[in-house]
Amino acid sequence: MIADGKIIYLDNNATTQLDPAVIEEMLPFLTKFYGNPSSGYQFAGQVRKAINRARERVAFLLGCQASEIVFTSCGTESNNAAINSALQIDPSRKHIVTTAVEHSAILRHCEALAKRGCAVTFLGVDRDGHVDLGELEQAIRPSTAIVSVMWANNETGVLFPVEKIAELCREKGVFFHTDAVQAAGKIRIRLGESPINFLSLSAHKFHGPKGVGALYVKRNSRFQPSIIGGGQENGRRAGTENVASIVGLGKAAERAAESIEEEQNRVRAMRDRFENGILEAVSGASINGDRAARLPNTSSFYFDGIESNAALLLLDRHGVCCSAGSACRTGSGEASHVLRAMYSDEDRARGSLRFSFGRFNSDSDVERALEIVPKVVEKLRRSSSPTPASAQPALESLS
Ligand SMILES: *Cc1c(COP(=O)(O)O)cnc(C)c1O
C-alpha cells in the first residue's frame, strides 16, 4: 500500500482527501446515533435533525433553500436523476441538448437514452473550450425536454456561462440542468433567484466522503424521482438515508462555504506558480482552454512530443499523482474526448496532462512538481525522438 506521506497529490479533480473535521462530524453517526431517521421515537429524531442540519449547510453553500436539496448517492446519480425526471414530466419531449465535453455521467447516459429512442444534440466547443450560445439556442426544439451544460469542465477547468444559458432555457420553456460537481465548493454559487432548475454536486470533490451527493431542485420545478420506494427526501429519492455520509457532506459544505474566497486565492496562487514554472522550464508546453474563464485549481497542459500514458507511469514512479484527462478514462486507452472536441488534434489529446490542486496542497508540492515534471517531459522526448522504431519509451528512473 502507498500511503499519502510520499506522494504529491495533484489530482484533486478526481477526488479529494477527507477533511479531518468532516470525519469527526461523521463518526458519531457510524457509532452511537444509528437510528433510522424515519422512525418516530426521539432516538431517531436526533438523526433526522442531523440530516436537516446537513441540508441547511448544503443550501447555504449554494445560496438556496434547504427544501431545494435532495441527497443522492453521488454526482452521477444526481445527473441521471435530473435528465430522467425531465423526460418523464412530458413524454412527448424526447430531445436533450448537451455538450460534447460533459463528464461521462452525462455523456454515457445520453448515449444510452439515444439508443432507447431519444434524440440528443451534443454541442461542440471552440479551442478555448466554449460553446456557442447562438448554436445552443438554435438546438432547442419544441420537443426538447432539457438542456444540460456543466458549470466547470473537469479536465480543463473551463467555466460555462450557465446563468445565461439557464435564462435562455427559461425563455424557451425548457428545463436547464448543470453538472456543478467541479464548481461546487470551489467557486461561489448563488442560486437565489437563478433560473437554473437542477444542479448536481458530489461531496468527494470538495473534501467530503465518497458515495454521497446532492441534487438541487428549484422550488416549483416539476420533478419525478428515479429511485422509487419510501417517502424519504420528501418523496424525491427513496431509500434509507446514508446518514453519516450526508452529515459529512454537510460539514464539507460548511467548511467550503466559510473560506471559499480565501481558498480560491491560495489555490490559484499555487496553480499559477506551477503553470508559470512549467512554461518557463519546458519548451513546447501550452495550457489547454481559456486561461481566464477557468477554475482556480485546474491546470491542463499539452506537452508537444510526449505520450500522456507514458508520462503518467514516470510521474507515478516519482510519487506525482495527476491524470491524462479524467480519472474515469484511465486505462481505456482512449484520448480525452474533451481535448479532441476542442482541438480536433489527436496528438494534443494524447500528449496532455491534468494537474489539479486543493486544500491540502502546499508550496512544497509545487516545488517538487516543478523539479519532477520538466525532467519527465525531457526524458520522454529524448527517448522517443531519435529512433521512431522504438515506440516504447525507456522507463528506467530519472538521473
Ligand atoms: C467526478 C464528477 C462526476 C461524478 O461524480 P461522482 O460522485 O463520482 O459520481 C460528475 N461530473 C463531473 C464534472 C465530475 O467531475
Side-chain angles (χ1 to χ4, degrees), residues 9-18 22 58 61-62 69-84 98-112 122 125 129 131 148-160 162 165 177-187 189 196 198-216 226-227 237 242 245-246 248-250 252-253 256 288-289 293-300 321-330 332 336-339 341-342 354-358:
Y9 190 76
L10 302 180
D11 207 11
N12 286 276
N13 286 9
T15 195
T16 57
Q17 187 187 329
L18 261 184
V22 171
V58 173
L61 176 70
L62 299 180
I69 299 299
V70 179
F71 291 119
T72 66
S73 70
C74 59
T76 300
E77 184 193 320
S78 299
N79 284 346
N80 275 238
I83 290 177
N84 287 339
T98 187
T99 80
V101 297
E102 299 296 310
H103 188 272
S104 47
I106 292 285
L107 281 184
R108 294 282 102 81
H109 183 210
C110 286
E111 285 166 13
F122 296 98
V125 295
V131 288
S148 182
V149 177
M150 65 201 328
W151 197 308
N153 185 271
N154 47 301
E155 294 191 23
T156 60
V158 169
L159 299 167
F160 290 85
V162 287
I165 298 171
H177 165 258
T178 183
D179 174 351
V181 171
Q182 289 295 342
K186 291 183 187 147
I187 57 172
I189 292 177
I196 294 170
F198 309 110
L199 175 148
S200 302
L201 61 78
S202 177
H204 77 97
K205 300 293 174 78
F206 57 99
H207 307 288
K210 294 167 182 65
V212 63
L215 178 67
Y216 158 84
S226 286
I227 297 188
R237 202 278 186 183
N242 182 355
S245 294
I246 288 170
L249 165 56
N288 296 315
R294 218 169 23 138
L295 285 175
N297 83 314
T298 308
S299 182
S300 172
C321 303
C322 63
S323 69
S326 77
C328 314
R329 290 296 179 91
T330 305
S332 70
S336 154
H337 68 286
V338 174
L339 299 176
M342 287 164 65
R354 177 189 72 185
F355 304 88
S356 45
F357 298 80

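Numbers here are sequence positions counted from 1. When a ligand or atom number is given, it counts from 1 through the structure's own listing order. What's counted below: heavy atoms across the whole structure, side chains too, no hydrogens, waters or symmetry copies.
- Residue Cys74 approaches ligand 1 through these ligand atoms, each under 4.0 Å from one of its heavy atoms: 6 (P), 7 (O), 9 (O).
- For ligand 1, the atoms sitting less than 4.0 Å from at least one non-hydrogen atom of Lys205 are 1 (C), 2 (C), 3 (C), 14 (C), 15 (O), numbered in the order shown with element in parentheses.
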What do the steps show when you test His109 against Asn84 for side chain to side chain contact (heavy atoms under 4.5 Å, CB included), and what is the final call? CA-CA 10 Å; His109 183 210; Asn84 287 339; 3.1 Å; yes
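- Side-chain atoms of Asn154 and Asp179 include no donor-acceptor pair closer than 3.5 Å.
- Between Ser200 and Asn79, the side chains place a donor N or O and an acceptor N or O closer than 3.5 Å (distance only, hydrogens not considered).
- The shortest N or O to N or O distance between Gly75 and ligand 1 is below 3.5 Å.
- Contacts with ligand 1 closer than 4.0 Å are made by side-chain heavy atoms of Ser202 only, the backbone lying farther away.
- Although no hydrogens or angles enter the test, the distance criterion places a donor-acceptor pair under 3.5 Å between the side chain of His337 and the main chain of Glu102.
- The atoms of ligand 1 that sit less than 4.0 Å from any heavy atom of Asn154 are 13 (C), 15 (O).
- Contact annotation for Lys210 and ligand 1: no heavy atom of the residue comes within less than 4.0 Å of the ligand.
- Put simply, part of His204 is less than 4.0 Å from ligand 1, judged by heavy atoms.
- Residue Asp179 has at least one nitrogen or oxygen atom sitting less than 3.5 Å from a nitrogen or oxygen atom of ligand 1, judged on distance alone.
- A side-chain contact (heavy atoms from CB on, under 4.5 Å) with Leu199 is found for one member of Leu62, Val162, Leu215 and no other, namely Leu62.
- Between the side chains of Asn80 and Ser226, not a single donor N or O lies within less than 3.5 Å of an accepting N or O.
- Exactly one of Ser336, Ser323, Ser300 qualifies for a side-chain hydrogen bond (donor to acceptor under 3.5 Å, both in side chains) with Glu155. That residue is Ser336.
- Using a 4.0 Å cut-off between heavy atoms, Thr76 contacts ligand 1 through both its backbone and its side chain.
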